[in-house]
Amino acid sequence: MAKREILSAAEHFSVIRATRSKAGGLPGTAQGPPNLPGQTTIQVRVPYRVVGLVVGPKGATIKRIQQQTHTYIVTPSRDKEPVFEVTGMPENVDRAREEIEAHIALRTGGIIELTDDNDFH
């Protein structure tokens with residue numbers, strides 16, 4: 001079971017790396033989420049200080065959210081705005097956004113206001 005988890009995590013991060021290197025990517029490499037009809041991409045902005053909380057240890061939390069909601073989520077890099085890009089069917093991306101927000105509220109006791117622009121400077 002541990003081996004399966006490790007291989008799954010390795011594949012997950014390979015996809016993320018391939019997505020981030022879109023410019024100059026090699027032919028035939030993953031260029032992001034599968035582009036299925038009806039899919040949409042939304043941006044879920046979070047306070048800088050909770051990005052790691054949402055990602056979880058070794059990506060476990062964000063991976064679980066992706067699996068539960070059948071979405072593809074790109075984690076913001078350290079030098080970018082704290083915005084997760086969620087791709088999938090509209091009802092699934094809404095569910096993923098709710099899961100991200102619920103996880104933050106659960107882990108912080110709900111004291112972080114997600115729409116407070118002061119958190120993003």
Side-chain angles (χ1 to χ4, degrees):
M1 195 165 96
K3 180 180 178 184
R4 194 167 51 239
E5 279 297 312
I6 291 168
L7 291 173
S8 176
E11 178 184 347
H12 172 73
F13 287 108
S14 293
V15 171
I16 289 174
R17 274 192 297 277
T19 301
R20 287 192 177 153
S21 63
K22 281 181 188 172
L26 297 173
T29 58
Q31 294 296 310
N35 192 11
L36 301 174
Q39 280 197 333
T40 186
T41 298
I42 64 168
Q43 294 189 332
V44 180
R45 179 178 287 270
V46 303
Y48 275 113
R49 65 184 179 271
V50 300
V51 170
L53 183 70
V54 173
V55 173
K58 297 189 174 19
T61 303
I62 200 69
K63 186 173 142 201
R64 175 184 53 78
I65 293 172
Q66 287 182 94
Q67 290 172 342
Q68 287 178 340
T69 61
H70 307 289
T71 56
Y72 178 90
I73 303 175
V74 177
T75 299
S77 57
R78 294 181 193 277
D79 57 339
K80 296 277 190 340
E81 290 291 303
V83 175
F84 289 86
E85 289 191 352
V86 183
T87 300
M89 298 307 285
E91 63 277 11
N92 291 342
V93 298
D94 284 342
R95 234 174 84 227
R97 178 183 45 76
E98 290 167 5
E99 286 290 327
I100 290 170
E101 292 173 355
H103 182 73
I104 293 169
L106 178 70
R107 295 297 300 275
T108 62
I111 56 171
I112 292 179
E113 176 56 53
L114 293 175
T115 59
D116 183 357
D117 287 336
N118 293 331
D119 286 332
F120 309 123
H121 298 295

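These numbers come from a predicted model, not from an experiment.
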Q.
Do V83 and I42 land in one hydrophobic cluster if side-chain heavy atoms of ILVMFWY residues count as linked below 4.5 Å?
A.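 Each belongs to a different hydrophobic cluster.
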Q. Are M89 and I65 linked, directly or through other ILVMFWY residues, by side chains that come within less than 4.5 angstrom of each other?
A. no
**Q.** Steps toward side chain to side chain contact (heavy atoms under 4.5 Å, CB included) verdict (E81, Y48)
**A.** CA-CA 8 Å; E81 290 291 303; Y48 275 113; 3.6 Å; yes
Q.
To the closest 0.5 Å, what do you measure between CD (E85) and OG1 (T75)?
A.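 The OG1 atom of T75 is 10.5 Å from CD of E85, to the nearest 0.5 Å.
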Q) In Å and rounded to the nearest 0.5 Å, what is the CD1 to CD distance from I73 to Q67? A)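 I73 CD1 to Q67 CD: 10.5 Å, rounded to 0.5 Å.
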Q: Say whether, by atom type as modelled, one donor and one acceptor occur between the side chain of R95 and the main chain of Q68 under 3.5 angstrom.
A: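 At least one qualifying donor-acceptor pair exists.
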Q: List the steps, then state whether side chain to side chain contact (heavy atoms under 4.5 Å, CB included) holds for T41 with Y72.
A: CA-CA 9 Å; T41 298; Y72 178 90; over 6 Å; no
What is the minimum heavy-atom distance between [X] and [Y], and which atoms define it?
{"X": "T108", "Y": "I104", "answer": "OG1-O, 2.6 Å"}
{"X": "T40", "Y": "P90", "answer": "CG2-CA, 3.9 Å"}
{"X": "P82", "Y": "V51", "answer": "CB-CG2, 3.7 Å"}

Q: Under the side chain to side chain contact (heavy atoms under 4.5 Å, CB included) rule, collect the residues that match up with R107, sequence neighbours excluded.
A: L53, H103
(Q) Under the side chain to side chain contact (heavy atoms under 4.5 Å, CB included) test against V86, which residue among T69, V93, D94 passes? (A)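 When side chain to side chain contact (heavy atoms under 4.5 Å, CB included) is applied between V86 and each of T69, V93, D94, only V93 qualifies.
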Q: Check side chain to side chain donor-acceptor pair (under 3.5 Å) between E98 and all other residues, then give those that pass, not counting sequence neighbours.
A: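 By the side chain to side chain donor-acceptor pair (under 3.5 Å) rule, E98 matches no residue at all.
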Q: For side chain to side chain contact (heavy atoms under 4.5 Å, CB included), just list the numbers for K63 and K58, CA-CA rounded to whole Å, side-chain angles, deciding distance to a tenth of an Å, and then say yes or no.
A: CA-CA 9 Å; K63 186 173 142 201; K58 297 189 174 19; over 6 Å; no
